[in-house]
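What follows is one structure encoded as structure tokens, with my remarks underneath.
Side-chain atoms are counted along with the backbone in the values below, which use heavy atoms only and exclude waters and symmetry mates. This is a predicted model, so every value here is computed, not measured.
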Amino acid sequence: MKLACIDIGLKRIGVAICLSSNIVTPQEAILRKNRNQASNDVNAFLKEWEIEKLIVGFPSASEDMQKRINHFVKLLELDIPYELQEENMSSIEAEDMMKGQIKYKRDGRVDSLAAKIILERYLAKN
């Protein structure tokens, strides 16, 4: 099954995919100008890769972000199943993995690496 994971942030959406055999690859992050543009970009990404299931990073700590993420997922109008996956500390873990390798944190690489971590957690759990 072709899986994708999104790590939804206020400025960027990290993206990772798993097309076969539990190998997860981070993709270029989606920059958010507004919710509609971002949801359209996510929909286009899912169609382009023929994704069969979406995993959405979901923070247990922040109720505000939980509401924002639930709202964003509704904007996607998905015709594939999706699941929420605990994402706590994934961005910090991603930053630690990239220490010294990256000067600009705003380009989305950390966000997509966090999505990769979230998807790997999902695969390990299932």
Side-chain angles (χ1 to χ4, degrees):
M1 178 177 266
K2 294 180 180 180
L3 301 172
C5 178
I6 55 176
D7 180 29
I8 301 168
L10 298 176
K11 297 188 190 278
R12 290 169 300 281
I13 298 171
V15 183
I17 58 173
C18 176
L19 301 179
S20 63
S21 68
N22 294 353
I23 297 170
V24 180
T25 312
Q27 301 295 304
E28 194 169 318
I30 294 170
L31 300 178
R32 284 182 69 155
K33 295 176 187 79
N34 59 58
R35 286 185 199 132
N36 292 334
Q37 161 270 325
S39 63
N40 288 337
D41 287 355
V42 170
N43 282 331
F45 176 87
L46 296 174
K47 281 183 180 57
E48 177 185 343
W49 286 95
E50 299 174 353
I51 298 301
E52 297 165 293
K53 185 173 194 177
L54 178 65
I55 309 305
V56 180
F58 198 72
S60 62
S62 170
E63 223 173 274
D64 182 49
M65 274 310 286
Q66 287 176 358
K67 286 178 187 169
R68 288 173 185 263
I69 288 168
N70 281 324
H71 177 73
F72 186 81
V73 170
K74 286 185 182 109
L75 290 176
L76 292 176
E77 298 174 1
L78 295 171
D79 56 1
I80 58 171
Y82 76 93
E83 271 187 58
L84 302 175
Q85 169 65 38
E86 174 59 52
E87 70 161 29
N88 285 358
M89 305 299 282
S90 60
S91 294
I92 292 165
E93 195 177 321
E95 283 181 23
D96 285 348
M97 289 170 74
M98 296 187 79
K99 280 227 164 72
Q101 296 180 21
I102 188 169
K103 288 183 182 175
Y104 307 105
K105 292 184 181 175
R106 294 188 196 105
D107 68 357
R109 284 185 280 179
V110 170
D111 304 276
S112 288
L113 192 54
K116 176 184 187 285
I117 292 165
I118 294 164
L119 186 48
E120 286 171 341
R121 288 179 189 171
Y122 172 81
L123 291 168
K125 186 180 80 176
N126 294 297

Can you tell me how far apart [atom1] ([X]) and [atom2] ([Y]) are? Round to the nearest 0.5 Å.
X	Y	atom1	atom2	result
Ser112	Leu119	OG	CG	12.0 Å
Arg121	Asn126	CZ	CG	14.0 Å
Ile80	Leu46	CD1	CG	5.0 Å
Glu77	Asn40	CD	CG	9.0 Å
Glu48	Asn43	CD	CG	12.5 Å
Ile51	Met1	CD1	CE	10.5 Å

Side-chain heavy-atom pair [X], [Y] within 4.5 angstrom cut-off:
X	Y	value
Ile118	Phe58	no
Leu54	Val73	no
Val42	Phe72	yes
Ile13	Asp111	no

Results of side chain to side chain contact (heavy atoms under 4.5 Å, CB included) for [X] - residues two or more places apart only:
X	answer
Ala16	Val24, Ala115, Lys116
Asn36	Asn34, Leu75
Asp41	Ile30, Gln37

Donor-acceptor contact present, side-chain Ser39 to main-chain Leu76, <3.5 Å: no
For [X], give me all partners under side-chain hydrogen bond (donor to acceptor under 3.5 Å, both in side chains), at least two apart in sequence or on another chain.
X	value
Arg68	Asp64
Glu50	Lys2
Lys125	Gln85

For Ile69 and Gly57, which heavy atoms make the closest approach, and how far apart are they? CD1-O, 3.5 Å
Is it true that atom OH of Tyr82 has more than 12 heavy atoms of other residues, nucleotides or ligands lying nearer than 6.0 Å? no
Transitively linked via ILVMFWY side-chain contacts under 4.5 Å: [X] with [Y]?
X	Y	answer
Val56	Ile17	yes
Leu31	Ile8	no
Trp49	Ile55	no

The complete set of side chain to side chain donor-acceptor pair (under 3.5 Å) pairs with one or both residues in residues 23-33, sequence neighbours excluded, reads none
Just grab all the side chain to side chain donor-acceptor pair (under 3.5 Å) pairs involving residues 52-63, residues at least two apart or on different chains. Lys53-Glu83, Lys53-Tyr122, Ser60-Glu86, Ser60-Asn88
